[in-house]
Amino acid sequence: MIRKLKLFLLIFVVALASCGTTRTVPITGRKQNLMVSDEQVLALSQQEYTKYMQSAKKSTDQKNTEMVQRVGRKLATAVENYLRQNGMAQELSQYQWEFNLVQDKSVNAFCMPGGKIVVYEGLLPVTQNETSLAIVLGHEIAHAVAKHSAEQMSKQVKQQYGTQAIGVIGAVAGVDANITSIAQVVAQSGFSFANLKYSRNHETEADYIGLILAAMAGYNPQEAVSFWQRMAQMNGNSGSDIFSDHPSDEKRIANIQQWIPEAMKYYKK
């Protein structure tokens with residue numbers, strides 16, 4: 001019995017490792033294993049986005065709305081140019097960009113998979129200028145470019161595999177855990193992408209990618225330091241959930257200062 005159990009677990013581990021697709025994250029070059037498809041993630045994202053926009057109120061401030069759209073378009077162009085120039089043009093089809101400014105006093109912004117960008121009016125007094133807004137949106141778009149949502153869902157799939165493995169140890173034959181697990185995770189993902197909690201590693205990666213994207217889009221990455229200093233001053237009593245599960249402000253600013261020389265190589269006024 002013990003020998004059979006060990007054999008099953010070995011087969012399970014090998015099968016788990018071979019599942020999904022391996023992808024290289026743009027700009028950082030990190031390898032990631034994704035066990036959910038773009039179609040699954042984008043369908044869920046569109047569902048959540050539609051639901052959110054049905055209840056949201058778009059801003060009536062035309063000047064700020066145009067600024068959000070301008071920054072968003074420049075960053076989107078930077079993403080598309082990078083993907084084309086680095087052999088990843090096949091990923092362009094998943095982006096259907098939209099840029100919204102909504103009436104909400106929260107200090108927040110998000111970009112859903114597929115390029116649906118929402119900025120809350122409450123963020124603008126903190127960004128104070130277009131360049132700082134580009135720093136924030138670069139970070140949010142980086143989550144989509146790096147497919148962090150798919151990676152988080154893939155983690156759930158692997159956890160589901162583990163749960164199923166325990167249940168089928170005594171009855172291994174004929175059980176297709178792969179299809180069942182993926183279907184369950186996608187079907188049960190009741191979380192909103194707008195409130196998706198990323199790991200600190202993902203937040204740090206998004207900081208770096210976002211800084212590079214902002215520079216590519218023509219925004220001075222050095223502005224990121226003063227923006228984060230303002231964020232550090234207001235954190236602790238703002239109630240903001242922007243950049244959830246993030247590193248400390250001190251560490252974040254130190255990282256950005258370290259990355260600025262590299263980001264400046266991409267910056268052209």
Side-chain angles (χ1 to χ4, degrees), residues 23 25-27 32 34-59 65 68-80 82-83 88 91-104 106-124 127 133-157 182 185-199 202-203 205-207 209-210 213-214 217 240-246:
R23 172 183 181 264
V25 176
I27 299 178
Q32 61 183 175
L34 302 179
M35 306 185 74
V36 293
S37 68
D38 290 337
E39 291 75 16
Q40 291 168 327
V41 175
L42 293 174
L44 183 58
S45 174
Q46 183 61 47
Q47 175 184 325
E48 292 287 340
Y49 173 73
T50 301
K51 185 189 304 181
Y52 173 82
M53 292 305 298
Q54 285 174 346
S55 61
K57 293 183 179 180
K58 290 188 177 182
S59 175
T65 296
V68 168
Q69 293 174 344
R70 180 169 59 252
V71 172
R73 282 193 296 267
K74 287 183 178 181
L75 288 165
T77 299
V79 170
E80 292 173 353
Y82 179 89
L83 293 177
M88 306 178 77
E91 295 194 4
L92 291 173
S93 61
Q94 68 186 267
Y95 294 104
Q96 301 293 327
W97 302 99
E98 291 185 30
F99 316 104
N100 304 281
L101 179 63
V102 299
Q103 298 179 39
D104 193 309
S106 303
V107 181
N108 207 1
F110 61 84
C111 176
M112 291 186 176
K116 310 301 185 186
I117 296 169
V118 175
V119 176
Y120 294 11
E121 286 183 329
L123 176 66
L124 300 184
T127 55
L133 179 61
I135 297 298
V136 175
L137 293 190
H139 171 99
E140 297 298 339
I141 289 174
H143 282 307
V145 171
K147 298 189 178 181
H148 287 160
S149 295
E151 200 164 8
Q152 292 287 325
M153 291 177 68
S154 297
K155 189 181 299 182
Q156 294 181 41
V157 171
I182 292 174
V185 168
V186 173
Q188 295 173 3
S189 290
F191 61 86
S192 168
F193 280 107
N195 297 316
L196 187 63
K197 306 301 183 184
Y198 294 110
S199 69
H202 281 174
E203 288 299 321
E205 185 172 58
D207 278 348
I209 295 174
L213 290 177
S240 169
D241 62 354
I242 193 170
F243 309 128
S244 56
D245 291 347
H246 55 271

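We're numbering straight along the sequence, starting at 1.
Between Leu42 and Gln96 there is no side-chain heavy-atom pair separated by less than 4.5 Å. Looking at heavy atoms from C-beta onward, Thr65 lies out of side-chain contact with Lys58 at the 4.5 angstrom threshold. Tyr52 is listed as a side-chain neighbour of Val102, based on a closest heavy-atom distance under 4.5 Å.
For the atom pair CD (Glu140) and CG (Leu213), the distance works out to 12.5 Å, reported to the nearest 0.5 Å. Distance check: His143 NE2 to Ile141 CD1 gives 11.5 Å after rounding to the nearest 0.5 Å. To the nearest 0.5 Å, atom CD of residue Glu121 and atom CD of residue Gln103 are 5.5 Å apart. Atoms OG and CG, on Ser149 and Leu44 in that order, are 9.0 Å from each other to the nearest 0.5 Å. Atom-to-atom distance recorded for Leu83:CG and Glu91:CD is 6.0 Å, nearest 0.5 angstrom. Between the CD atom of Glu203 and the NE2 atom of His148 there is a distance of 8.5 Å, given to the nearest 0.5 Å.
The salt bridge (Lys or Arg N to Asp or Glu O under 4.0 Å) check on Glu151 picks up Arg30, with sequence neighbours excluded. A search for ring pair (Phe, Tyr, Trp, His ring centres under 6.0 Å) contacts involving Tyr95 returns Trp97, not counting sequence neighbours.
Looking at Gln54 and Thr50, their side chains never bring a donor and an acceptor atom within 3.5 Å of each other.
Side-chain atoms of Tyr82 never come within 3.5 Å of backbone atoms of Pro26 as a donor-acceptor pair (strictly under, hydrogens ignored). Side-chain N or O atoms of Asp104 include one that pairs as donor or acceptor with a backbone N or O of Ser106 at under 3.5 Å. At least one donor-acceptor pair under 3.5 Å links the side chain of Ser154 to the backbone N or O of Met35.
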Step by step, would you call Leu123 with Leu133 a side-chain contact (heavy atoms from CB on, under 4.5 Å)? CA-CA 8 Å; Leu123 176 66; Leu133 179 61; 4.2 Å; yes
Could you walk me through whether Thr127 and Val119 pass side-chain contact (heavy atoms from CB on, under 4.5 Å), step by step? CA-CA 11 Å; Thr127 55; Val119 176; over 6 Å; no
Check the pair Glu98, Tyr49 against side-chain contact (heavy atoms from CB on, under 4.5 Å), reporting the backbone distance first and the verdict last. CA-CA 11 Å; Glu98 291 185 30; Tyr49 173 73; 2.5 Å; yes
side-chain contact (heavy atoms from CB on, under 4.5 Å) between Lys116 and Gln46, worked out: CA-CA 8 Å; Lys116 310 301 185 186; Gln46 183 61 47; 3.4 Å; yes
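Between Phe110 and Tyr120, the ring-plane angle classifies as perpendicular under the 30° and 60° cut-offs.
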